[in-house]
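The block underneath contains the structure these notes are about, expressed in structure tokens.
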Amino acid sequence: MMQTRLLPATSKGIHDAVALLRAGGLVAMPTETVYGLAGDARNDRAVAAIFAAKNRPTFNPLIVHLPDLAAVAQYAVLTPEAARLAAAFWPGPLTMVLPLRDDAGLSPLVTAGLTTVAIRVPAHPLAQRLLAEFDGPLAAPSANPSGRVSPTRADHVLAGLSGRIAAVLDGGACAVGVESTILALDGPPALLRPGGVPVEAIEAVLGAALALPNDPVTPKAPGQLASHYAPEARVRLNVQAVQPGETFVGFGPGAADLSLSPDGDLTEAAANLFHLLRAADALAGPGGSIAFAPVPETGLGRAINDRLRRAAAPRP
């Protein structure tokens, strides 16, 4: 088993991370959403190693991370809608699924054999520095075993992937706390996954409502499988009455074992979600149950509820 290094947020830490990535290694990097498990998106072996480390279904595409719009144009065709959304939300927690350029040079494992590619320009300053020094595309799904709770801190990554990856670049806690919103832009703009950019803000820029396709059998983007983000404990949602022995995760005022946000703040709840899923799973213990209070289905609440529904879905 390899020794996973914890790299500091320094020039040397970034330099060491780049050296590992260029050698085909995997490095978990912080973004404003969650930690991503980064590998060279042009290197088949590196991309295959991502799937192996996560034990991830190979039909689920990966998101390519790039430093800016000029770099994006090397790998994907920017539609007029994509250019408008990039101006509004990049760098930031928005992923766009765009037509793949014929000369992109990406590993076909990244796109899962599709003619589109999911791309994001992250806002986290450490991710930006890493991407600039690496000077290439990094495929980076969330840095956790597939289907388990996404990591928002370096110690979360180590808890799930220590010994499976080369290093973790420690950028502290992630500010947004849920993954990026994913849009399909290879046709009429469509929502594939709610996330860090509220749907209402996207629709305001586009001046039109988003379509809502969903094919959990053949996903076009990450996070579309029905059972995902799953703790070991059973999960119940929209709970008004807690059953004996359940771990209760509240939202807003009121007694609870843990709370997404005592003040009912959706931004705070999003930032706390995955951390509290882990904490609740530990409290519930083997064979236990976690009960979540209702969360409003508006703004970031859509992304929170999407993750919770996947956590509560029947396991394959």
Side-chain angles (χ1 to χ4, degrees), residues 33-34 57 60 93 142 144-153 156 160 174 176-182 191-200 210 212-217 219 221-316:
T33 57
V34 300
N60 206 356
S142 57
N144 57 288
S146 186
R148 296 303 178 188
V149 181
S150 296
T152 56
R153 302 179 186 184
H156 294 169
C174 300
V176 175
V178 293
E179 292 95 334
S180 59
T181 303
I182 302 182
L191 179 68
L192 299 180
R193 181 182 75 184
V197 177
V199 169
E200 295 89 342
L210 293 169
L212 301 171
N214 186 25
D215 180 0
V217 177
Q224 289 186 275
L225 296 176
S227 177
H228 209 56
Y229 315 103
E232 297 293 338
R234 184 171 64 94
V235 175
R236 293 199 309 129
L237 305 181
N238 300 314
V239 172
Q240 303 285 356
V242 182
Q243 297 175 355
E246 280 190 314
T247 297
F248 182 53
V249 181
F251 177 80
D257 298 301
L258 301 165
S259 181
L260 289 167
S261 171
D263 297 326
D265 184 316
L266 288 172
T267 299
E268 181 184 23
N272 287 335
L273 175 61
F274 288 128
H275 178 63
L276 289 186
L277 260 175
R278 290 173 178 273
D281 201 24
L283 280 176
S289 178
I290 306 168
F292 279 86
V295 176
E297 193 76 33
T298 58
L300 286 177
R302 294 191 186 193
I304 294 166
N305 283 312
D306 174 78
R307 302 305 184 274
L308 291 176
R309 282 190 290 268
R310 295 174 191 277
R315 315 293 165 80

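For this chain, numbers begin at 1 and follow the sequence in order.
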If I take atom OG from residue Ser289 and atom CZ from residue Phe248, how far apart are they, to the nearest 0.5 angstrom? 11.5 Å
Looking only at heavy atoms, what is the nearest atom pair of Val197 and Pro93, with distance? CG2-O, 3.5 Å
Gap between atom OG1 of Thr181 and atom CG of Leu192 - 0.5 Å precision: 10.5 Å
Hey, are the side chains of Leu258 and Leu283 touching, using non-hydrogen atoms and a 4.5 Å cut-off? yes
Donor-acceptor under 3.5 Å (Arg302 side chain, Pro198 main chain): no
Under 4.5 Å between any side-chain heavy atoms of Val295 and Leu266, yes or no? yes
Close side-chain approach of Asn144 to His156, heavy-atom, < 4.5 Å: no
State whether a side-chain donor-acceptor pair under 3.5 Å links Glu179 with Ser150. yes
Would you check if Asn305 and Leu237 make a side-chain contact, meaning some heavy-atom pair closer than 4.5 Å? no
Restricting to non-hydrogen atoms, name the atom on Asn238 and the atom on Pro294 that form the minimum distance, rounded to 0.1 Å. OD1-CA, 3.6 Å
Looking only at non-hydrogen atoms, find the nearest pair between Ser180 and Thr33 and report the distance. N-CG2, 3.9 Å
Nearest 0.5 Å, what's the CD1-CD distance between Ile290 and Glu232? 10.0 Å
To the nearest 0.5 angstrom, please state how far the CZ atom of Phe251 sits from the CG atom of Asn272. 10.5 Å
Side-chain donor or acceptor of Ser261 paired with backbone N/O of Glu268 under 3.5 Å: no
Closest heavy-atom pair and its distance - Ala291, Val239: CB-CG2, 3.7 Å
Qualifying residues under side-chain contact (heavy atoms from CB on, under 4.5 Å), relative to Ala270, sequence neighbours excluded: Val178, Leu300, Ile304
CG of Leu276 to OG1 of Thr247: how many Å apart, nearest 0.5 Å? 11.5 Å
Smallest heavy-atom separation, Ala284 atom then Ala233 atom, equals CB-CB, 3.8 Å
Basic-acidic side-chain contact under 4.0 Å: Asp306, Arg310: yes
Can you measure from CZ (Phe274) to SG (Cys174) and round to the nearest 0.5 angstrom? 10.5 Å
Identify, with sequence neighbours excluded, every residue that meets salt bridge (charged side-chain N to carboxylate O under 4.0 Å, His left out) alongside Glu246. Arg236
